[in-house]
Amino acid sequence: MRLIIVGPPGAGKGTQGTLLARRLGIPRYSTGDILRQARRDGTSMGLEALRYMDAGELVPDEVILGIVADVLVKEESEDGFLLDGFPRTVVQAEGFRRLLDEMGVELDAIVDLAVDEEEIMQRLAARGRRDDSLATIRRRLEVHRAQTQLVLDWYANADVRILSVGGVGDVEEIQSDILTRLGL
Ligand code: AMP
């Protein structure tokens, strides 16, 4: 299966995406994780991404599309993959569509994890990651609201199945909701 998991920062995309990918035997790629690793490695991409990430802004589309193009050509991605935190803009969705067309494959579904903003603020403040200061969290939520909804609208227009799943509650129950919605 070729899947995308989206949702506001702190919705549990990482947790649910990891469980889902393991269950399906497909690799999971998080653009956020790849960028954080690039920062730790001190690569030029990591250094470029740093100022956007620390301000809660989106990293430029061409940087992100380069990352995704690289993971899609991996042998392990041949039979499916799960992308976490991508695409976040319509330009990314369009670029991704082109990459999939070149590979001659289609996206099966988008899992949209829904969690309200108050819950998100509490979760992220408790998580305390480097880019999780309160001001950054607010900005990331704003960016999410503004951009990600446009992406979902784009996919709805493209007739891609969007599965909206409640992201509050027991981890296993949320996972089983996702599996049910996927018909598994
Ligand atoms: P995440 O771990 O998915 O919350 O991502 C952390 C940060 O990495 C975001 O706030 C962005 O600055 C950057 N980032 C991750 N994925 C993307 C993406 N698809 N497009 C643009 N920026 C991204």
Side-chain angles (χ1 to χ4, degrees), residues 2-21 27-74 77 81-100 107 110-117 119-155 158 160 162 165 167:
R2 295 177 181 86
L3 299 170
I4 282 176
I5 188 163
V6 296
K13 297 187 296 276
T15 305
Q16 293 300 332
T18 301
L19 288 172
L20 185 57
R28 162 188 171 266
Y29 304 111
S30 146
T31 44
D33 285 351
I34 292 170
L35 289 167
R36 279 183 287 277
Q37 186 60 48
R39 289 174 65 151
R40 282 194 291 274
D41 293 344
T43 67
S44 57
M45 178 180 83
L47 292 178
E48 189 193 345
L50 195 142
R51 56 199 168 100
Y52 297 99
M53 294 174 82
D54 286 349
E57 302 290 343
L58 292 180
V59 172
D61 291 325
E62 58 275 19
V63 174
I64 301 292
L65 281 167
I67 291 175
V68 172
D70 282 350
V71 300
L72 291 186
V73 297
K74 289 185 185 203
S77 306
F81 51 79
L82 181 140
L83 290 171
D84 170 341
F86 170 90
R88 289 246 232 303
T89 67
V90 169
V91 170
Q92 290 178 19
E94 287 169 345
F96 184 44
R97 162 62 57 87
R98 278 193 295 276
L99 291 170
L100 293 179
L107 199 59
I110 298 175
V111 177
D112 178 25
L113 267 187
V115 178
D116 71 54
E117 293 207 359
E119 168 86 15
I120 293 289
M121 289 298 286
Q122 280 170 15
R123 288 188 190 183
L124 291 186
R127 186 161 81 176
R129 216 168 58 189
R130 182 193 165 136
D131 56 350
D132 278 349
S133 75
L134 274 182
T136 310
I137 294 170
R138 283 212 183 83
R139 181 66 194 143
R140 282 164 68 205
L141 283 175
E142 261 173 44
V143 169
H144 173 80
R145 259 203 308 274
Q147 308 256 36
T148 314
Q149 192 53 49
L150 293 176
V151 172
L152 287 179
D153 293 346
W154 187 88
Y155 276 113
V160 175
I162 300 172
V165 178

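Numbering of ligands and ligand atoms starts at 1, following listing order. All residue numbers in this chain count up from 1 along the given sequence.
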Checking heavy-atom distances from atom 8 (O) of ligand 1 to each of Gln147, His144, Met53, the winner is Met53
Min over Gln92, Glu57, Arg39, Arg88 of heavy-atom distance to atom 12 (O) of ligand 1 lands on Glu57
* Ring centres under 6.0 angstrom apart (Phe81, Tyr29) -> no
Residues pairing under salt bridge (Lys or Arg N to Asp or Glu O under 4.0 Å) where one sits in residues 55-73, two or more places apart or in two chains, turn out to be Glu57-Arg139
Between the side chains of Asp54 and Arg39, is the shortest nitrogen-to-carboxylate-oxygen separation below 4.0 Å, so that they form an ion pair?
yes
Note: Ile64, heavy atoms under 4.0 Å from ligand 1, region reported as side chain
Review point. Looking at Asp33 and Arg28, does any basic side-chain N land under 4.0 Å from a carboxylate oxygen?
Key: yes
*Sub-3.5 Å N/O-N/O distance, Thr31 and ligand 1*: yes
I'd like to know if Glu94 and Arg98 make a salt bridge, using a cut-off of under 4.0 Å between side-chain N and carboxylate O.
no
Per-atom filter on ligand 1: closer than 4.0 angstrom to a heavy atom of Gly32 are 2 (O), 5 (O), 15 (C), 16 (N)
A student checking ligand 1 against Leu35 at a 4.0 Å heavy-atom cut-off should list atoms 8 (O), 13 (C), 14 (N), 15 (C)
Sorted by chain and residue number, the ring pair (Phe, Tyr, Trp, His ring centres under 6.0 Å) partners of Tyr155 (sequence neighbours excluded) come out as none
Going by the 4.0 angstrom heavy-atom rule, the piece of Val59 near ligand 1 is both
Filtering Lys13, Arg51, Arg36 for the heavy atom nearest atom 2 (O) of ligand 1 leaves Arg36
